[in-house]
2 protein chains.
Amino acid sequence: MHNEFVDEQLNERLARTGSRLTAQRREVYSVLLQKRDHPSAEEVFIRAKGRMPDISMATVYNCLDTLVKCGLVKQVHHDRGATRYCSNMNEHHHFYCDECGGTYDIDTDPEAGHPAMTLPNGFRMRSFEIAFSGLCPQCAAKKRHK
Amino acid sequence: MHNEFVDEQLNERLARTGSRLTAQRREVYSVLLQKRDHPSAEEVFIRAKGRMPDISMATVYNCLDTLVKCGLVKQVHHDRGATRYCSNMNEHHHFYCDECGGTYDIDTDPEAGHPAMTLPNGFRMRSFEIAFSGLCPQCAAKKRHK
DNA sequence: TCAATATTTAGAACAATTCTAAATCCAGTC
DNA sequence: GACTGGATTTAGAATTGTTCTAAATATTGA
């Protein structure tokens, strides 16, 4: 997962915002590419520490910020929980499992356009996000067997 | 806005969860009915203090919690900002203005059903919420005149 | 190699919220 | 009308997630 190609991409993107490619930024980004389960900053910190024991929490926040600014990572918010980070930059929405708390990407159906909902006059929409909630496949299956 | 009818409704709802109707709960609820601009707990506190100078922040949080639990009020979250409170219990979504930060209710079009988006197999959806962002009518108008 | 600038770091500061424990209030009984 | 038990309110401490600060370190380009 940490290879020349990723590095090049990363470097190019960082350069656009005048930022440098550092070991910490590479590590943080690779954590996000490795397991796309929308970890919080804390979780990224723990995972990054595995291979880079001296990395600090502040640096994790800094790196995540930088990656967001250069468009390689997106923040995901749900309720008032900690910010989660997502390296899937395709247009998509999120499903939040009520049972296990997991967050899942829901790809936007390319043929379905905007939500079937008309905004009142005067509003100018720039974007929209749909937050689905319910049971994820695993939790739904468990429930059925009870 | 603070009348016998509202009181009765309020009392009945509170009773369902074994809660009592108190002056503070009435005041907090009436703040939310009065100006439906999705105030934060802090803002509710400031407004409530106007007519009830001894009310405390902790009580405002307690009352809001109670009102949420008995189904008279909904929490609204946007990004990692403070929780906002909404006394509109009809099904609706929210529009967040990028310019002024205002939150607006967007009624669900009754004839348009779910968002035109299919969940992958196995997910069991309980509900969904759409967060629109862009410019509210006022801010859109200002932009156009520049 | 050196200077200028960017980055990392630990820890302090901060904002929103929840917790704690004591004071107060209230509904229903005696 | 006073009394009792549980609910409620309150101030302040504690917690959580995040941002800020200032010093140490790393990196780039001359």
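Only a predicted model underlies this, so the values are computations on that prediction, with no experimental measurement involved. We name chains A, B, ... by the order of the sequence lines, and we start the count at 1 in each one. Heavy atoms only: backbone and side chains are in, while hydrogens, waters and symmetry mates are out.
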Q. Is there a salt bridge (Lys or Arg N to Asp or Glu O under 4.0 Å) between Asp37(B) and Arg47(B) once you walk through the steps?
A. CA-CA 12 Å; Asp37(B) 60 347; Arg47(B) 294 180 199 175; 2.9 Å; yes

Counted 5' to 3', the first and last nucleotides of DNA chain D within 4.0 Å (strictly under) of a heavy-atom of chain A are dG17(D) to dT28(D)

| query | Reckon Glu42(A) touches a base, only the sugar-phosphate, or nothing at all at heavy-atom distances under 4.0 Å? | reply | nothing

On a heavy-atom basis, the closest approach of Ile130(B) and His93(B) is N-ND1, 3.0 Å

Contacts of Thr83(B) meeting side-chain hydrogen bond (donor to acceptor under 3.5 Å, both in side chains) (sequence neighbours excluded), chain-then-number -> none

Between Ser40(A) and Ser19(B), the residue closer to the 5' end of DNA chain D by nearest nucleotide is Ser19(B)

- Message: It should be established whether Thr22(A) places a side-chain nitrogen or oxygen under 4.0 Å from OP1 or OP2 of nucleotide dT8(C).
- Response: yes

Those residues at least two apart in sequence (or on a different chain) that pass side chain to side chain contact (heavy atoms under 4.5 Å, CB included) with Ile46(A) are Glu42(A)

Here the distance between atom C1' of dA15(C) and atom CD of Glu43(B), to the nearest Å, is 14 Å

Leu14(B) atom CG is separated from dA27(C) atom P, nearest whole Å, by 13 Å

Next item on the list: Please find out if less than 6.0 Å separates the ring center of His38(A) from that of His94(A).
Entry: yes

Residue set satisfying side-chain hydrogen bond (donor to acceptor under 3.5 Å, both in side chains) with Glu12(B), at least two apart, ordered chain then number -> Arg16(B)

Counting just side-chain N and O atoms, does Tyr61(B) come under 4.0 Å of either OP1 or OP2 of dT18(C)?
no

Whole-Å distance, Asn62(B) CG to dT24(C) C1', equals 14 Å

**Report entry** Heavy-atom side-chain proximity of His77(B) to Arg84(B) below 4.5 angstrom
**Finding:** no

Those residues at least two apart in sequence (or on a different chain) that pass ring pair (Phe, Tyr, Trp, His ring centres under 6.0 Å) with Phe95(A) are Phe123(B)

Determine whether Arg51(B) and Ser30(B) satisfy the following criterion, side chain to side chain donor-acceptor pair (under 3.5 Å), listing intermediate values before the conclusion. CA-CA 11 Å; Arg51(B) 278 192 289 171; Ser30(B) 99; 3.1 Å; yes

When rounded to whole Å, the CG to P distance for the pair Leu64(A) and dT8(C) reads 11 Å

Per the under-4.0 Å heavy-atom filter, residues of residues 73-86 of chain B near DNA chain C come out as Ala82(B), Thr83(B)

Arg26(A) atom CZ is separated from dT7(C) atom P, nearest whole Å, by 14 Å

| task | Look at all strands and tell whether Asp54(B) reaches a base, only sugar-phosphate, or nothing, counting heavy atoms closer than 4.0 Å. | result | sugar-phosphate

From CE of Met57(B) across to P of dA15(C) the rounded distance in Å is 13 Å

Atom CZ of Arg20(A) and atom C1' of dA6(C) are separated, to the nearest Å, by 4 Å

